Structures are given as C-alpha cells and as structure tokens.
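Notes follow the structure.
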2 protein chains.
Amino acid sequence: MTDTKDKIASSLHHQFAEHGFATLGVEALRAGADVSLRTLYKHFPSREEMVVGALEHRDGLYREWISGGPGEGAAHVLHPFMRLADWLRDVANLGCLSRYALASYPDSPLIRGTVEAQKRAVREMFHARLLHVAPECDADLLADALFLMHEGLTESARLMGQEAAVAATLHSAKALLRNNGIN
Amino acid sequence: MTDTKDKIASSLHHQFAEHGFATLGVEALRAGADVSLRTLYKHFPSREEMVVGALEHRDGLYREWISGGPGEGAAHVLHPFMRLADWLRDVANLGCLSRYALASYPDSPLIRGTVEAQKRAVREMFHARLLHVAPECDADLLADALFLMHEGLTESARLMGQEAAVAATLHSAKALLRNNGIN
DNA sequence: CGACAGGTAGAGTGATCACTCTACTTTTGC
DNA sequence: GCAAAAGTAGAGTGATCACTCTACCTGTCG
C-alpha cells in the first residue's frame with residue numbers, strides 16, 4: 001500500500017540522484033527498490049511516473065529540510081541557504097534532480113509541470129520570508145535574486161567545491177540584503 | 001572533411017539543445033545532420049563523442065559571444081551577463097547543455113572532463129576580469145560569487161522568465177561589486 | 001585517365017528497452 | 001476462516017537502440 005509506494009519512491013529518488021536518468025533502465029530500478037516488476041508498475045504505471053514520483057519524494061524531503069529558521073532579520077531569509085549547505089553535503093547529489101529530469105524529458109508535460117511547480121514554490125518561499133522580515137522591501141526583485149543564487153549554489157556546489165560555493169553565495173546574499181536595508 | 005565535421009557538430013548541438021539527451025537516437029541525429037550514418041560515425045565514433053562534439057561546439061560559440069567588453073570598471077566585469085542575456089534570448093535553450101549532459105551521463109569520464117573544463121574556464125574568465133579592473137580585490141571569492149550567479153541565470157532564465165532573471169542577476173551582481181569597492 | 005579520399009544508401013545484428021502476462025504466495029480485514 | 005487485496009518470480013513481446021557492413025557514387029589532383 002502506501003508504505004510500499006513510499007519505499008519505492010525513496011529508492012527511485014536515490015537511484016536517479018546517483019546515476020541520472022539516461023542510463024537507468026526499469027529493470028535496474030526494480031532491483032534497486034527490491035520489489036517485483038508488477039508491483040513497481042502498479043504504483044508507477046510508466047517510467048515517466050517513476051521519474052515524477054522520485055521528484056516529488058525529493059521535494060517533500062527538501063521542503064521539510066529548509067523550513068523554519070530564526071524568524072527575524074536577514075538570518076531568517078538566509079536560513080534556507082544554511083540548510084542547503086548541509087543538504088548538499090549529505091545527499092547524493094549531481095545538482096538539481098528536477099532540472100535534470102526536465103532536461104532529460106523536455107517534451108513531457110507531466111514532468112515539466114512538476115518541476116515548474118517545485119521551482120515556483122522555492123521562489124515563493126523566499127518571497128514570504130522577505131515580506132515577513134521587511135514588509136516594505138521590493139520582495140519581487142529580491143526573491144528572484146535569492147532564487148537565482150539558490151539555483152546557482154545547488155547546481156555548482158559539486159563542480160566548484162561545496163565550501164567555496166556556500167561561502168560565495170552567503171557573501172553575495174548578505175551584500176544584496178544589506179544594500180536593501182535588511183540586516 | 002573539417003567542413004563536414006563542423007556542420008555535423010552544429011546540427012548535433014541544435015538537436016541536443018532542443019530535445020535533450022535522453023530521447024534522441026543516433027538515427028534521428030543522423031537525419032537532422034543530413035549525412036549518412038557512415039559519415040556520422042567516421043567523425044564521431046560513438047554516441048558519447050557526439051555529445052562531446054556538441055558541447056565543444058557550443059562552448060566555442062559561447063566563449064566568442066561573451067568576449068570583449070568596455071575594458072574597465074564594473075561594466076567590464078558585468079559584460080558577460082549582458083551578453084548572456086542576449087544569448088538566452090536567441091539560442092534554443094533549456095538551460096546549460098553541458099550540465100545536462102553531465103547529469104545524463106554521470107558515469108562518463110569523457111563528458112565529465114569536458115564539462116568541468118568548460119565551467120572552470122568561465123570562472124577563470126570572471127577572475128581575470130576582476131583582476132583587470134581591481135587588482136587589489138578578493139578575486140577568488142568574487143569570481144566564485146559571479147560564477148554562481150552566472151550559473152543561476154543560465155539555468156533559470158527559461159523557467160522564471162528571461163527579463164526578470166536578468167534584472168535580478170544584474171541587481172545582485174552590482175550590489176556585490178559595489179560592496180567590494182568596484183564601480 | 002585513373003586512383004583515391006570522402007561521400008551516399010540502407011539492410012542487418014545482437015542487445016536492451018519499456019512494458020505485459022501467467023501462475024503462485026502472503027497479508028489483511030471483516 | 002476465508003475472500004480480497006497486494007505481494008512474489010520471471011518468461012515473453014515487439015520496438016528501438018547503438019553500431020557495422022556491403023556496395024556504390026563523385027569530385028579533385030597528379
């Protein structure tokens with residue numbers, strides 16, 4: 001039932017995150033999840049839905065991971081970056097899995113919709129945090145800017161080294177907030 | 001000879017950029033390049049090398065595209081962002097093609113090496129521009145930061161709208177440079 | 001003229017793909 | 001206690017994959 005589905009989704013997530021979307025066949029996914037092919041297809045009727053299942057599983061984990069924070073000041077806005085830094089350290093990671101899914105299947109409306117919703121949610125999360133700590137600020141512009149830094153960090157941490165990437169991102173984000181009167 | 005190879009590389013680039021790496025078969029690539037299968041394999045002996053050929057073709061175009069600039073002040077450092085804005089408008093684009101190639105074939109050393117070299121080159125380009133206009137600055141940190149913004153913009157322009165993404169990036173980058181005494 | 005480099009068309013190959021199906025066993029709820 | 005639901009194993013299917021091969025054509029240069 002739901003237990004099994006979650007277990008499979010978690011396995012799909014880990015396997016896609018580690019090996020990408022192009023080289024993993026359904027048989028390998030089945031073996032990794034340690035279920036029968038029939039069960040796998042009962043919960044995820046096509047490869048496309050396996051991809052979506054993995055993305056949604058990861059998104060749930062990530063939202064939970066970055067939630068919370070000190071509640072006021074620049075630190076509240078920067079909290080997701082601090083958490084992302086640990087996320088990038090812990091999770092098998094070749095960048096943003098959702099974006100890679102979209103790149104691998106650019107013609108799938110299902111995957112496109114899933115990814116766009118997830119990205120929009122991150123941007124809105126920054127928007128809400130900004131309004132929370134500085135109701136007068138230009139939250140649209142700043143949320144866009146922070147979202148872009150978030151994406152840059154997610155994508156590049158592995159390539160340029162996690163420590164340097166985090167340091168550079170925090171430096172930029174603090175400069176941005178300070179220039180806009182948020183401390 | 002080289003003419004043919006360039007023509008094929010250009011076609012490979014366009015096709016991968018438009019449809020991604022997962023769904024395009026070699027037969028489709030052949031048809032798009034309008035050559036025989038034998039010729040295609042003569043110049044690119046495997047699918048992997050077709051991917052690398054496309055990436056290198058794109059990298060050549062991009063380096064040329066962002067080169068130059070006013071030669072001094074913050075505008076010199078920001079020049080690649082201005083050019084990237086136009087690039088994102090013109091080129092069929094689902095994000096950074098190199099990164100997607102790496103995500104699609106994370107186990108290929110050939111592709112990994114190609115992508116890492118390209119990314120390093122962009123970061124070094126910012127580093128050189130920073131030292132050129134402000135020899136005393138912390139060029140390592142700032143180059144990292146600008147590189148991350150560059151990656152964020154490249155990846156997110158399509159998803160969040162090219163205009164808003166460019167505006168937010170320039171706002172952040174200017175704040176960063178101003179905070180470090182570069183005007 | 002004639003050789004040769006570099007092109008063409010397209011059938012063939014064995015592997016692998018996503019996905020289905022049959023037949024059987026275990027777990028769960030009333 | 002016994003259906004019904006949900007799991008198992010694993011063979012089979014037709015399509016498609018990356019890649020090879022045979023056979024032929026064409027433009028250039030000595």
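Worth saying up front: this structure is predicted, and the values here are computed from it rather than measured. Numbered from 1 within each chain, the chains take letters A, B, ... in sequence-line order.
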Applying side-chain hydrogen bond (donor to acceptor under 3.5 Å, both in side chains), name anything that partners B/Y41, two or more places apart in sequence or on another chain.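 B/Y41 satisfies side-chain hydrogen bond (donor to acceptor under 3.5 Å, both in side chains) with no residue once adjacent residues are dropped.
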Partners of A/H76 by side-chain hydrogen bond (donor to acceptor under 3.5 Å, both in side chains), sequence neighbours excluded?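 Testing A/H76 for side-chain hydrogen bond (donor to acceptor under 3.5 Å, both in side chains), a comparison that skips the adjacent residues, returns none.
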Indicate for each nucleotide in nucleotides 17-23 of chain C, in 5' to 3' sequence, whether protein heavy atoms under 4.0 Å reach the base (B), only the sugar-phosphate (S), or nothing (-). -SBBBB-
Whole-Å distance between [N] [atom2] and [X] [atom1]?
X: B/D34; N: C/dG10; atom1: CG; atom2: P; value: 13 Å
X: B/K5; N: C/dG6; atom1: NZ; atom2: C1'; value: 15 Å
X: A/R30; N: D/dT8; atom1: CZ; atom2: C1'; value: 10 Å
X: B/I8; N: C/dT8; atom1: CD1; atom2: C1'; value: 13 Å
X: B/K42; N: C/dT8; atom1: NZ; atom2: C1'; value: 12 Å
X: A/D3; N: D/dA5; atom1: CG; atom2: C1'; value: 15 Å

Contact list for residues 23-37 of chain A, test side chain to side chain donor-acceptor pair (under 3.5 Å), sequence neighbours left out: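 Listed once each, the pairs are A/E27-A/R30, A/S36-A/T39.
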For the helix from C/dC1-D/dG30 to C/dC30-D/dG1, measure the angle between the helix axis at one end and the axis at the other, each built from five pairs, rounding to 10°.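 That helix gives 10° between its end axes.
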Verify side chain to side chain donor-acceptor pair (under 3.5 Å) between A/T114 and A/Q118, making sure each step is shown before the conclusion. CA-CA 6 Å; A/T114 304; A/Q118 291 180 2; over 6 Å; no
Pick one: which of A/Q15, A/H14, A/H13, A/K7 meets side chain to side chain contact (heavy atoms under 4.5 Å, CB included) with A/S11?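 Exactly one pass, corresponding to A/Q15.
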To the side chain of A/T39, which of C/dG7, D/dG7, C/dT8 is closest?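 Taking heavy atoms from C-beta onward, the closest nucleotide is D/dG7.
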So for atom NZ, which belongs to B/K174, do other residues, nucleotides or ligands contribute more than 12 heavy atoms lying within a distance under 6.0 Å?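 At most 12 heavy atoms, drawn from other residues, nucleotides or ligands, come within 6.0 Å of this atom.
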For residues 61-84 of chain A, pull every pair meeting salt bridge (Lys or Arg N to Asp or Glu O under 4.0 Å), keeping only residues two or more places apart or in separate chains.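 Of all non-adjacent pairs touching residues 61-84 of chain A, those that pass salt bridge (Lys or Arg N to Asp or Glu O under 4.0 Å) are A/D59-A/R63.
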Check the angle between the aromatic planes of B/F81 and B/H150 and answer parallel, tilted or perpendicular using the 30° and 60° thresholds.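 Taking B/H150 first and then B/F81, their aromatic rings sit tilted (interplane angle of 30° to 60°).
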Would you tell me if any nitrogen or oxygen in the side chain of B/T4 comes within less than 4.0 Å of OP1 or OP2 on C/dG6?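 Indeed not, no polar side-chain atom of B/T4 lies that close.
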Distance test, side-chain N/O of B/H43 to OP1/OP2 of C/dG6, below 4.0 Å: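 No, because none of the side-chain N or O atoms of B/H43 sits under 4.0 Å from OP1 or OP2 of C/dG6.
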Would you say the side-chain atoms of B/D140 and B/H127 include a donor-acceptor pair closer than 3.5 Å?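 Present: a donor and an acceptor within the cut-off.
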